[in-house]
Structure formats: C-alpha cells, structure tokens
Amino acid sequence: MFTLDPTIHPDIAPLAWLIGRWEGAGVVGYPTMEESANFGQELVVEHDGRPFLSWTSRTWILDESGQKVRPSASESGYWRAAGEGEVELLLAHPTGIVEMYYGTVEPGRIELQTDGVIRSPHAKEYSAAKRMYGLVKSNLMWVMDMAAMGQPMTSHLSAELKRVE
C-alpha cells in the first residue's frame, strides 16, 4: 500500500496516492468514431515539495494483440488543492485545448468536471467533460465523459493503470 512521504506538502496530502508512474490500458470510444479502440497509457505524477502535483499523460492506440499502432492523446498539467475536500486539475493539450477541472477529493477517489474550456480557433469543438479517478486494489481506475462535436455528455474513455516501481 502507498505510504505518505513526510516531505509531501500538507495541502496536497489528499492527492498523494496519485504520485508515481503508472502504466496500463483502456478503451476509447465516442459517437463520432467508427468503432471503439484499445489504448495504452503512461502517466507520471510528481511532487517537488510545493502545494501541487505535476501530471503528464501519454497514450497510444493498440492493435488486437496489444502492440502500439500510433501515438494518441497527450496532456500535461497540475493538480492543486482548492480547500477542504476540493481539488483543481489544470490541463493543456497539444491539440489546442486547455481545461480547468474542479471537483471533490476523498480517500482514494476524485470526481471532477470542467469549470472552463479554452480552444484555439483550429481545435475541434469541445465544450465540457467529467472525470473520475479511483484507487481500487492498488490500481488507478479512471473514466472520462465528454461533450464535443455536437454530442451531449457521453462516455469517452476508461482505463486501469498499475503503479510501476
């Protein structure tokens, strides 16, 4: 089980279970896609003693045998404590989208929804999202719903990641 490092800033202690390097796989699908696909993910969450966590995620599409086919989404940003039981996640994407999520944190569970989305003039239409992260039997499980390209809030991604030592 994850033990709290004494150098963790107290403001982000409720998020400390996220710290580490995670790898795993998931499923991506959306009404605008011809069919769903499997993806691999590498996630790195780091802390340098200040009251935030850095977040970097890379994904790639997998073939039927689990081999990498091509790069997919990537994002980088920061987790910040926002008060008792509250949290923010700030993310930037190379596709021209910046998101600010706001939500709640409790032991081993985070629920978020976008508070703001900024798109470059050339980015795809994207208006809102919800994410949930949970620590289940030492694995990081997460799901994301999104509203984009004329679709209402709809299931988009889910994955299960294992901590890599």
Side-chain angles (χ1 to χ4, degrees), residues 1-2 15-47 53-79 87-114 116-165:
M1 188 67 192
F2 182 78
L15 299 169
W17 59 271
L18 288 170
I19 296 170
R21 184 167 169 260
W22 303 83
E23 291 182 354
V27 177
V28 56
Y30 205 64
T32 58
M33 296 174 62
E34 286 186 28
E35 60 185 21
S36 62
N38 292 326
F39 69 91
Q41 182 177 21
E42 178 185 69
L43 174 63
V44 178
V45 183
E46 297 176 309
H47 178 256
L53 300 177
S54 65
W55 172 273
T56 306
S57 172
R58 302 181 313 138
T59 64
W60 48 89
I61 299 299
L62 301 174
D63 65 17
E64 299 79 28
S65 64
Q67 299 300 307
K68 293 179 183 179
V69 174
R70 68 179 184 281
S72 188
S74 63
E75 61 188 26
S76 60
Y78 300 93
W79 288 89
V87 65
E88 297 172 351
L89 174 59
L90 314 168
L91 293 174
H93 304 265
T95 55
I97 295 172
V98 177
E99 304 168 281
M100 204 305 270
Y101 286 87
Y102 182 79
T104 58
V105 59
E106 53 190 71
R109 182 182 172 98
I110 302 167
E111 290 191 56
L112 305 157
Q113 64 183 22
T114 48
V117 174
I118 300 172
R119 297 183 302 118
S120 79
H122 304 288
K124 289 183 179 179
E125 186 275 320
Y126 169 72
S127 57
K130 293 181 180 180
R131 294 183 181 208
M132 182 173 54
Y133 296 90
L135 189 62
V136 180
K137 297 182 181 177
S138 299
N139 290 343
L140 177 58
M141 310 281 282
W142 69 269
V143 297
M144 177 183 170
D145 297 346
M146 100 177 154
M149 299 180 283
Q151 301 294 317
M153 191 67 71
T154 303
S155 178
H156 178 46
L157 299 158
S158 65
E160 179 175 0
L161 309 177
K162 296 183 183 310
R163 188 182 304 274
V164 179
E165 298 299 325

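Reckoned from all heavy atoms, side chains included, excluding hydrogens, waters and symmetry mates.
No side-chain N or O of Glu42 forms a donor-acceptor pair with one of Trp22 less than 3.5 Å apart. Side chains of Gln41 and Trp142: a donor on one and an acceptor on the other come within 3.5 Å.
Looking at every heavy atom in both residues, Gly96 comes nearest to Ala123 through O-CB, 3.7 Å. Leu62 approaches Gly66 most closely through the heavy-atom pair CD2-O, 3.5 Å. For Val27 against Phe39, the heavy-atom pair with the smallest separation is N-CE2, 3.3 Å. Taking every heavy atom of both residues into account, Ser57 and Leu43 meet most closely at CB-CD1, 4.0 Å.
Counted within 6.0 Å of CD on Glu125, heavy atoms from surrounding residues, nucleotides or ligands total more than 12; the atom is thus considered enclosed.
Salt-bridge check for Lys130 with Glu99: failed, with every basic side-chain N at 4.0 Å or more from each acidic carboxylate O.
In this structure the side chain of Thr154 reaches within 4.5 angstrom of the side chain of Pro31, judged on heavy atoms.
The closest donor-acceptor contact from the side chain of Thr59 to the backbone of Ala73 lies under 3.5 Å. Using modelled atom types, one side-chain atom of Arg119 and one backbone atom of Lys124 make a donor-acceptor pair closer than 3.5 Å. Of the possible polar contacts, one joining the Arg163 side chain to the Ile19 backbone as a donor-acceptor pair under 3.5 Å is found. Looking only at distances, a side-chain donor or acceptor of His156 sits under 3.5 Å from a matching main-chain atom of Gly29.
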Would you check, one step at a time, whether the test side chain to side chain contact (heavy atoms under 4.5 Å, CB included) holds for Ile97 with Val117?
CA-CA 7 Å; Ile97 295 172; Val117 174; 4.2 Å; yes
Let me see the working for Leu18 and Trp79 under side chain to side chain contact (heavy atoms under 4.5 Å, CB included), right down to the final yes or no.
CA-CA 10 Å; Leu18 288 170; Trp79 288 89; 3.8 Å; yes
Apply side chain to side chain contact (heavy atoms under 4.5 Å, CB included) to residues Arg131 and Leu91 and explain how you reach the verdict.
CA-CA 12 Å; Arg131 294 183 181 208; Leu91 293 174; 3.5 Å; yes
Derivation of the side chain to side chain contact (heavy atoms under 4.5 Å, CB included) call for Leu15 and Ile110
CA-CA 9 Å; Leu15 299 169; Ile110 302 167; 3.6 Å; yes
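The CG atom of Leu140 sits 11.0 Å away from the NZ atom of Lys162 when rounded to the nearest 0.5 Å.
Residues passing the side-chain contact (heavy atoms from CB on, under 4.5 Å) test with Tyr102 are Ala82, Glu86, Glu88, Met100, Asp115, sequence neighbours excluded. Contacts of Glu23 classified as salt bridge (Lys or Arg N to Asp or Glu O under 4.0 Å), with partners at least two apart in sequence or in another chain: Arg21.
Between Trp17 and Tyr133, the ring centre distance reaches or exceeds 6.0 Å.
Pairs passing the side chain to side chain donor-acceptor pair (under 3.5 Å) check and including a residue from residues 29-39, sequence neighbours excluded, do not occur.
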